[in-house]
Protein chains: 2
Amino acid sequence: MRKQPDKVDIVYVARLAGVSPATVSRAINHPDLVSPATRKRIDTAIRKSGYIRNRAAQAMHGKRSGTIGLIVPTMNYAIFAEVVQAFNDEISNHGFTVLLATHGYDLGSEYLVIRKLLEHRVDGVALVGLNHSQDSIGILGKQRVPSLTIWNYSADSPISCIGADNFEAGQLAAQHIVVLGHRRVGLVFPPTEGNDRARDRLNAARQTLFEAGVTIRDEWCGETPYSVSQSKKICTEILSLPRSERPTALLCGNDIIAQGAVYAALRLGVSVPQELSVVGIGDFAGSADMEPALTTVRIPARRIGTAAGRRLVKAITDADPDFILRERLDVELMMRATTAQPRQD
Amino acid sequence: MRKQPDKVDIVYVARLAGVSPATVSRAINHPDLVSPATRKRIDTAIRKSGYIRNRAAQAMHGKRSGTIGLIVPTMNYAIFAEVVQAFNDEISNHGFTVLLATHGYDLGSEYLVIRKLLEHRVDGVALVGLNHSQDSIGILGKQRVPSLTIWNYSADSPISCIGADNFEAGQLAAQHIVVLGHRRVGLVFPPTEGNDRARDRLNAARQTLFEAGVTIRDEWCGETPYSVSQSKKICTEILSLPRSERPTALLCGNDIIAQGAVYAALRLGVSVPQELSVVGIGDFAGSADMEPALTTVRIPARRIGTAAGRRLVKAITDADPDFILRERLDVELMMRATTAQPRQD
DNA sequence: AATAGTATTGCAAACGTTTTCATAAATGGT
DNA sequence: ACCATTTATGAAAACGTTTGCAATACTATT
């Protein structure tokens, strides 16, 4: 075994190859600028020494850090796992790495994690939703780092966004219920505080149902976090009303909640969809496969993640921090087995 | 509005506060070394200028980068979402940030992402499973970065590990089936190539069942990736056998597969657990809440993620790259509603 | 009031790379 | 064989921090 150098940096490699550090740097970053012969010597020197270039040092030169910050509310419940995966896949293909952070639906700590990512000199930032503190938006603008909100689309967003129109999603779900002929509908949603996705969906649902003259009684509605078990609990209460007092359909804020609703019904022996229709929003992995398969409005998570990654990479490589774009991806009603016309009696 | 400086770095802040850059640095990193008066001046200068310190520059000084690499096979299917979340929470509390990477169950690309993380000079690395290429282990050792494998425990692992004993998990699941009195058992597992978790579970199950004299017919067994729909498909085939030719129990490689099995049975009108028992491994979010609730072996994902984060941070702050520890977290059988004694006929 | 010690600050080198500029060598056209 | 390009390389400055060392200004002790 040759003696191990205590540190193997670019000058060590250079000495090994009998060239200057500058040439090594060029051989790595602009191979066409160095002669084939030396390039080869350098390559073997790199391999022999086990050299790994130091991106921190690169980044100091105003070169890119090669990282992109991704901030999601939470990784629990798998809601955002799919979009994270797609985003990661896309930017990895372009040589970037994800710097991940979560804030637990707290706008204040979102600001803090943004700062943390900026300390690492991320080349770009993606956030979830359109609801952010003034400080957060401000600091991103001031640092001039390309940023993008995902998941939600809004025509008048002050910052670039790629996502679905959650209002439309709520509308679609509600219309489906209305068209089927339901007149007694319950709404089960998460808290809308700091969650614009949920708020838009809920507003849309209320409005659509109201315009159709559909009854919404308070005792048919519930609020629950994104959790199958919590949703199951609250829906069990709703469905425990005597048959004639029950809603014939439950419109849920997302698929997790809808799954809880279906399980609650199954548990109580309320047949789905004969006695109760359930519709979700999201179309998470698993919703199509459950039994009965969940009717829901598809939010194209993968496509959102991929598109967001692509646009952010483009903004970075074009060196255009002021880019602004708003891309709206279509939502789609997935009619499956948990909805039907209300029983006539 | 005051004129915006084109770049606000530590020397800009220093000038603003009327001190030297060195003092600013100290005010940030060793506040006790600078007098209260100047500290205050510097603080306001920092706030006024909107200074954000550059960790890339810090990292160049041999200081830590403040990032920890986390490499998971995939973020799909939410399998690893929980452990990622717990890990992230833990290290965030200590000022570190997660640098995330995935390799899609491919050992070769795992090596590549390890290299990529090392270029970013991560202060530590966590990987999933014990199955890694020689190159991967080698480069981590050579770079002397604290590393840790999670999810899997093995007494003779060459590298530190924190996790559950997957062999034990398989045993527990199989024993449960045996004790209930099943004699006709099918196994539905993912491909074991490059997935030591699955391999250990499968080996344990086979061995335990064999020792109990339980029949395993090839036509009762299936291989499927981690996907509810794929699992549902293959289980539908198995369960379509005439009643007398069917297994009375299905032991599944993880909860995703088990969910598919349950849905397949529901679909075909095979009642669970009366006609068919199903047991999973993992206890993912949702398994407890589905209807019927899934009997499974709990792998404590949250605790694994938290423990891994804690130990890695400790190894980093103690500057002990050669630390080696093996921590085994207990698995536990969660008896719920998908298993019962086989029907006597 | 002189001394020793301590608290506070600044200077300058160092970290590992990239890039500009300059130089030297090679090439090509006459 | 000479000059004008072009190609290949190196020297050195720069990036934004941290830190060892030295210098200065205090404080307490005699």
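Every chain is numbered from 1 and lettered A, B, ... according to where its sequence line falls, protein lines coming before strand lines.
For Ser49(B) (side chain) and Ala45(B) (main-chain N/O), a donor-acceptor pair under 3.5 Å exists by modelled atom type.
Between the CZ atom of Arg64(A) and the P atom of dT19(C) there is a distance of 11 Å, rounded to whole Å. As a whole-Å value, the separation of Gln58(A) CD from dC15(C) C1' is 15 Å. Nucleotide dT20(C) holds its P atom 13 Å from the CG atom of Asn29(A), rounded to whole Å. Residue Lys63(A) contributes atom NZ, which lies 14 Å from atom C1' of dG16(C) at whole-angstrom precision. Atoms CD (Glu119(B)) and C1' (dG16(C)) sit 14 Å apart, rounded to a whole Å. Taking atom NE2 of residue His120(B) and atom P of nucleotide dT17(C), one finds them 14 Å apart after rounding to whole Å. Rounded to an integer number of Å, the gap from CD1 of Ile28(A) to P of dT18(C) is 6 Å. Rounded to an integer number of Å, the gap from CZ of Arg39(B) to C1' of dT8(C) is 12 Å.
Distance from the side chain of Val34(B) is smallest to dT9(C) among dT9(D), dT17(D), dT9(C). Of the candidates dT19(D), dT17(D), dA11(D), dT17(D) carries the atom nearest the Ile10(B) side chain, counting heavy atoms from C-beta on. For His61(A), counting side-chain heavy atoms from C-beta on, the closest listed nucleotide (dC15(C), dA8(D), dT18(C)) is dT18(C). When distances run from any side-chain atom of Val19(B) to the nucleotides dT9(C), dG10(C), dT19(D), the shortest one goes to dG10(C). Among the nucleotides dC15(D), dT9(D), dT9(C), the one closest to any side-chain atom of Thr23(B) is dT9(C). Nearest to the side-chain atoms of Asp9(B) among the listed nucleotides dT17(C), dT17(D), dT19(C) stands dT17(D). Residue Met60(A) places its side chain closer to dG16(D) than to any other of dA12(D), dT17(C), dG16(D). Comparing dT8(C), dC11(C), dT17(D) against the side chain of Ser20(B) picks out dC11(C) as the nearest.
No donor-acceptor contact under 3.5 angstrom links the side chains of Gln58(B) and Asn54(B), judged on distance only. Asn152(A) and Arg328(A) form no side-chain donor-acceptor contact under 3.5 Å, judged by distance and modelled atom types alone.
Between Ser35(B) and dT9(C) there is a side-chain N or O to OP1 or OP2 distance below 4.0 Å. OP1 or OP2 of dT19(D) sits under 4.0 Å from a side-chain N or O of His30(B). Remark: Thr38(B) is in phosphate contact with dT9(C), judged by side-chain N or O atoms under 4.0 Å from OP1 or OP2.
If you run side-chain contact (heavy atoms from CB on, under 4.5 Å) between Ile71(A) and each of Ile114(A), Val128(A), Thr102(A), Leu99(A), only Ile114(A) comes through. Exactly one residue among Val13(A), Ile10(A), Ile42(A) makes a side-chain contact (heavy atoms from CB on, under 4.5 Å) with Ser25(A). That residue is Ile10(A).
Both Leu33(B) and Tyr51(A) lie close to DNA chain C; mapped to their nearest nucleotides by heavy-atom distance, the more 5′-ward contact belongs to Leu33(B).
Residue Trp151(A) holds its CH2 atom at 13.0 Å from CD1 of Ile162(A), rounded to the nearest 0.5 Å.
At a cut-off of 3.5 angstrom, counting only N and O atoms as typed in the model, there is a donor on one side and an acceptor on the other between the side-chain of Arg26(A) and the base of dG10(D).
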